Amino acid sequence: MKKFTALIMSILIIAAVIPFASAGSVTPVVMISGFGATTLAIDGEAVFPPTTDQLIAAVGLDDLSPAHIKSEIEKWTAEKGYVKQLSDIVSRILEPIRLNADGSSYYDVKPIVSGAKNTSLAAFKANNMLELVPYTGSEFLDMESIGKKIGDENVFNFTYDWRLDYNQTADELKEYIDDVLELTGAERVSIYSISQGSMLVGQYLYKYADLGQTDNIVFDTPVLGGSSFVTDIFDSTRFLTVDLRTVLCLLGDILHTEMDLTFIADLLDDVQIIKDAIDYGRSEVVLPPVKSCVAAWEMLPASEFERVSPLFLDETENAGSIAKTTDFFAGFVSHITETFEKAESFGTTVSIKACTGTNLVLNSDAYSDGIVDMKYSCGAICAPWGETFPADYVQAVDNGINSISPDRTVDLSAGYWPHRTWVFNGLLHGQIEWCRKSLALVETLLYTHDLKDAYSSYEFPQFMESTAPTSDISIVFKNTNSSFLLLDGSEEYVLTVKNLSLKDTVIIKGIESDAVSVPSGSSIPLLAGESVDIAVKADAVKSGKLTVKYNILTKSFEKTFGISVADSYSGVSVSGTKVENSNVPFILRWIISFFKNIIKKLSFVK
């Protein structure tokens, strides 16, 4: 009996200790947003981004009477009238964030809330401040989803003045992390940063990696080496043009709508007044009041700063801004790989998620995520926009790994951190939660150490296709779970085509390829989220294209993927040549699809 009692007591003691041990093992997550995301305030009142009321006042439509609206329209349509109107409106909006010549703030502007104690998810909820901070949405990992996993008290949002020098904000981040560690009792924090926020995290690591304060750091669509997008904004010697199709694709993803908005581009493409307004607004309205924004200058590629900065910065008047920017370029930007190596030596796991396959929204043509060029987000070498590497191209660094993407547009071998860089083709800037595969990858990198490198996971190969619903369809070869097909002597291989839509049925009408042999067949209906396995043949190493023709509702589309047939593969492969669902007759799939749609619609009928 005594032994039994002792056993029971031991179990009770262990059970009592386990929750405390688990709680102590939680690693807090610090989230760092991008340019313009933190709400700035004067005397506690939000001034930027402007509220709806502030925008209405700036536009001058506080008087909504028909007579006043008619008067405003007449001003806008008068010759050059829109220029004066635009200038006045933007000036009123930007006035609160005006900067001095040395890059300091003209007004006493601060983040509307700051400090670790006030910026945990628990504090945001308690103080009803969620709407004033970037805590969720298409461009930011959902704080609340993290809170459900590790507790609201362990999720933090570092708010900062995104106009200022990253050297200064990196010091503020260090103090913030000190406070988080003291507040939670944790030994380290993990960091999720997006876009511009990655630059200040990089500067923090450059200065403080040896403190060993960080566990996992995930750079999501980062601006690490700059962006041609920013160069195009500052380069007033070039007429500013906008790739409206890319802008509208990005807008559709931000709004999480599957509606194709690109038709608007055809309507606006030849409207000269819009082109003139965009270019004039850039040079004469937007840049003058923010020309001393050091953080913006630091987002130029370092190689472009010397050429572009004299257009707006005076060597004497803006000496402070120039000095801060050149110091930043000489620091982290010139030592990105060395900084990550140092961080790794002190126990930090650094990972990069970059996106490609899209042109930049402004003048420059480059493989990018629409905002940041691949060559600057992860240091990759890329083919010229719209082209692939020539057949005799050899990757820049012989690292024993095939670092060239299956579409032969990206060479990661000379990247900043190639062994821990994952690339999504066709995914736009920051759309982490719109692409389910992207979200799963980032959460795995942020919470765990399961992925030792970019070559060790079948689920997350180094090169992946976007699974955002607006991408319509995706393809993978089953033996690599990617657009690489590994030759293993099989007679047939499996190509999986998936309908990415959340609501629409896709009808696969045909598949063509110059690299693999695809059987012809009848139409294949795929309900939202469904996929089909198709037997294909390949017997020679070759790179090429695979085009899927499909219908959504009454509209016809086609999507082309770059693929590579290879006799060796650097990632994880599996044997699997069985086509799971090709034995279902096409007519039967039509019938099944029809009745599934009926049942789905009836389920909403009450």
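Computed from a prediction, not measured in an experiment: that's the story for all the values here.
The side-chain hydrogen bond (donor to acceptor under 3.5 Å, both in side chains) search around Ser413 returns Asp411, not counting sequence neighbours. The side-chain contact (heavy atoms from CB on, under 4.5 Å) test applied to Thr421 returns Ile352, Cys378, Leu412, Trp417, Val423, not counting sequence neighbours. Applying the ring pair (Phe, Tyr, Trp, His ring centres under 6.0 Å) criterion to Phe35, with sequence neighbours excluded, gives Trp162. Applying the side-chain contact (heavy atoms from CB on, under 4.5 Å) criterion to Lys437, with sequence neighbours excluded, gives Phe424, Cys435, Glu459, Phe460, Met464, Thr467, Asn481. For Ala101, the side-chain contact (heavy atoms from CB on, under 4.5 Å) partners two or more places apart in sequence, or in a different chain, are Glu317, Asn318. Remark: Thr246 engages Asp243 in a side-chain hydrogen bond (donor to acceptor under 3.5 Å, both in side chains) (not counting sequence neighbours). Shown here are the side-chain hydrogen bond (donor to acceptor under 3.5 Å, both in side chains) partners of Lys125, two or more places apart in sequence or in another chain: Asp152. In terms of the side-chain hydrogen bond (donor to acceptor under 3.5 Å, both in side chains) criterion, residue partners of Asp373 (sequence neighbours excluded) are, by chain and number, Ser228. Partners of Asp108 by salt bridge (Lys or Arg N to Asp or Glu O under 4.0 Å), not counting sequence neighbours, listed by chain and number: Lys110.
Each side-chain hydrogen bond (donor to acceptor under 3.5 Å, both in side chains) pair with one or both residues in residues 213-224, not counting sequence neighbours, appears once here: Asp178-Gln213, Tyr192-Asp220, Tyr204-Gln213, Thr214-Thr348, Asp215-His449, Asn216-His449, Asp220-Lys353. Annotation: salt bridge (charged side-chain N to carboxylate O under 4.0 Å, His left out) contacts involving residues 293-305, sequence neighbours excluded, comprise Glu304-Arg307. Applying the ring pair (Phe, Tyr, Trp, His ring centres under 6.0 Å) rule to pairs touching residues 343-384 yields Tyr367-Trp385, sequence neighbours excluded.
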Tyr160 vs Ser33, test: side chain to side chain donor-acceptor pair (under 3.5 Å). Steps then yes/no. CA-CA 9 Å; Tyr160 65 102; Ser33 56; 5.0 Å; no

Step by step, work out the side chain to side chain donor-acceptor pair (under 3.5 Å) result for Gln431 and Asp253. CA-CA 7 Å; Gln431 301 309 304; Asp253 282 10; 6.0 Å; no

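Under the 3.5 Å distance criterion, with hydrogens and angles disregarded, no donor-acceptor pair is assigned to the side chains of Glu95 and Tyr106. Defined by atom type and a distance below 3.5 Å, a donor-acceptor pair is missing between the side-chain atoms of Ser321 and Ser292. A side-chain donor-acceptor contact under 3.5 Å links Asn363 and Thr241.
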